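See below for the structure under consideration.
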Amino acid sequence: MEEKEIILRLKKNDDNAFQVLVDLFSKKVYNTCIGMLQNMEDAEDVTQEIFITIHLNIKEFKEESSLSTWIYRIAVNKCLEFIRKKNRKKRSGIFKSIFSSDGERAIENHSDFMHPGIQLENQERAKILFTAIDLLPEQQRTAYILHKIEQVSYNEIAAIMQLSLSAVESLLFRGKQNLKKHLAIYYEENEK
């Protein structure tokens with residue numbers, strides 16, 4: 001089924017077309033989510049939310065970009081929204097534990113996260129890398145994950161993030177520089 005036909009049928013609430021869409025994009029969307037969220041359960045939940053959003057908003061799709069770009073944009077935005085919401089909950093949890101009398105609250109740490117696509121022998125290095133990626137500023141992290149983990153082209157990243165090509169190149173360059181700094185600090189501290 002061609003993209004135009006899928007879009008047309010989706011706009012007519014065709015369940016078969018939606019299933020085709022899910023079959024085509026669910027793995028890519030899930031991989032994007034797991035790369036950004038670094039938690040399999042959260043990635044599954046957000047992936048479902050993304051497809052619900054697509055289903056509810058397909059009539060608003062103006063076809064100014066490709067369907068995959070539109071879906072990636074929704075995926076990235078939903079992941080960032082989830083991260084922001086989770087960070088707000090962490091901050092409020094910290095304040096509650098500081099001011100409450102019922103004890104301490106453990107802060108979630110993604111350092112033990114293991115991306116399912118990483119081979120066993122590379123798990124330790126992957127943990128270190130994902131921890132460093134998590135320290136990047138939001139836009140650098142998003143661009144880096146889309147390009148290096150999801151293999152999305154610079155042009156498509158620009159469309160997804162609604163930035164110029166030079167802005168994407170700059171984000172990726174600065175992201176790589178920041179990763180080098182984070183990794184250098186890690187290895188200096190841990191390889192003594």
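The figures that follow rest on heavy atoms only: side chains count, while hydrogens, waters and symmetry mates do not. For clarity, every value in this text was computed on a predicted model and none was experimentally measured.
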Show every salt bridge (charged side-chain N to carboxylate O under 4.0 Å, His left out) that has at least one partner inside residues 14-29, sequence neighbours left out. Arg9-Asp14
Pair Leu21, Ile71 - check side chain to side chain contact (heavy atoms under 4.5 Å, CB included), show working. CA-CA 10 Å; Leu21 178 87; Ile71 291 171; 3.6 Å; yes
Taking the side chain as every heavy atom from C-beta outward, state whether Ile6 and Leu24 have any atom pair closer than 4.5 Å. yes
Do the side chains of Leu165 and Leu146 join up, straight or via other hydrophobic residues, at under 4.5 Å, putting them in one cluster? yes
Between the NZ atom in Lys62 and the CH2 atom in Trp70, the distance rounded to the nearest 0.5 Å is 10.0 Å
Value rounded to 0.5 Å, distance of CD in Gln162 from OG1 in Thr69: 10.5 Å
Linking I/L/V/M/F/W/Y whenever any side-chain heavy atoms sit under 4.5 Å apart, do Leu80 and Leu135 land together? no
Over all heavy atoms of both residues, which pair between Asp42 and Asn39 is shortest? Give the atoms and the distance, please. N-OD1, 2.9 Å
Decide yes or no for Ile157 and Leu171: does some side-chain heavy atom of the first lie under 4.5 Å from some side-chain heavy atom of the second? no
Please name the pair of heavy atoms, one in Cys33 and one in Val46, separated by the smallest distance, quoted to 0.1 Å. SG-CG1, 3.9 Å
When rounded to the nearest 0.5 angstrom, what is the spacing between OH in Tyr186 and OG1 in Thr131? 8.0 Å
For the residue pair Thr47 and Lys78, establish whether any side-chain heavy-atom pair is separated by less than 4.5 Å. no
Would you say that Gln48 contacts Tyr30 through its side chain, given a criterion of any heavy-atom pair below 4.5 Å between the two side chains? no
Side-chain contact, heavy-atom cut-off 4.5 Å: Arg73 with Ile160? yes
Determine whether Ile83 and Glu138 make a side-chain contact, defined as any pair of heavy atoms from C-beta on separated by less than 4.5 Å. no
Looking only at non-hydrogen atoms, find the nearest pair between Gln38 and Asp134 and report the distance. NE2-CB, 4.0 Å
Could you work out, with ring-ring contact (aromatic ring centres under 6.0 Å, His included) as the rule, every residue matching His182, not counting sequence neighbours? none
For Arg174 and Ser170, test the side chains for any donor-to-acceptor distance below 3.5 angstrom and give the result as yes or no. yes
Connected via hydrophobic side-chain network under 4.5 Å: Leu136 and Leu172: yes
Using the rule side-chain contact (heavy atoms from CB on, under 4.5 Å), only one of Leu67, Ile74, Leu10 pairs with Phe61; which is it? Leu67
Taking every non-hydrogen atom, the tightest pair across Val152 and His147: O-ND1, 3.1 Å
So, using side-chain hydrogen bond (donor to acceptor under 3.5 Å, both in side chains) as the criterion, who are the partners of Lys12 when residues are at least two apart? none
Minimum heavy-atom distance between Pro137 and Asn178, given as atom pair plus value: CD-ND2, 4.2 Å
Quick one: side chains of residues 51-60, donor-acceptor pairs under 3.5 Å with protein atoms, not counting sequence neighbours, listed by atom name and distance.
| from | atom 1 | to | atom 2 | distance (Å) |
| --- | --- | --- | --- | --- |
| Thr53 | OG1 | Glu49 | O | 2.9 |
| Asn57 | ND2 | Thr53 | O | 2.9 |

Honestly curious: do Val29 and Val22 fall in one hydrophobic cluster under the side-chain, below-4.5 Å linking rule? yes
dist Leu179:CG -> Arg141:CZ (nearest 0.5 Å) comes out at 11.0 Å
Given the rule in the side chain to side chain contact (heavy atoms under 4.5 Å, CB included) test, do Phe130 and Ile149 qualify, once you have shown the distances and angles that lead to the verdict? CA-CA 11 Å; Phe130 277 106; Ile149 297 174; 3.7 Å; yes
Counterpart residues, side-chain contact (heavy atoms from CB on, under 4.5 Å), relative to Ser68 (two or more places apart): Phe25, Ser66, Glu156
What do you reckon, is CD of Glu2 surrounded by more than 12 foreign heavy atoms closer than 6.0 Å? no
About how many Å separate OH of Tyr144 and CG of Leu129, when rounded to the nearest 0.5 Å? 5.5 Å
Who pairs with Phe173 by ring-ring contact (aromatic ring centres under 6.0 Å, His included), at least two apart in sequence or on another chain? none
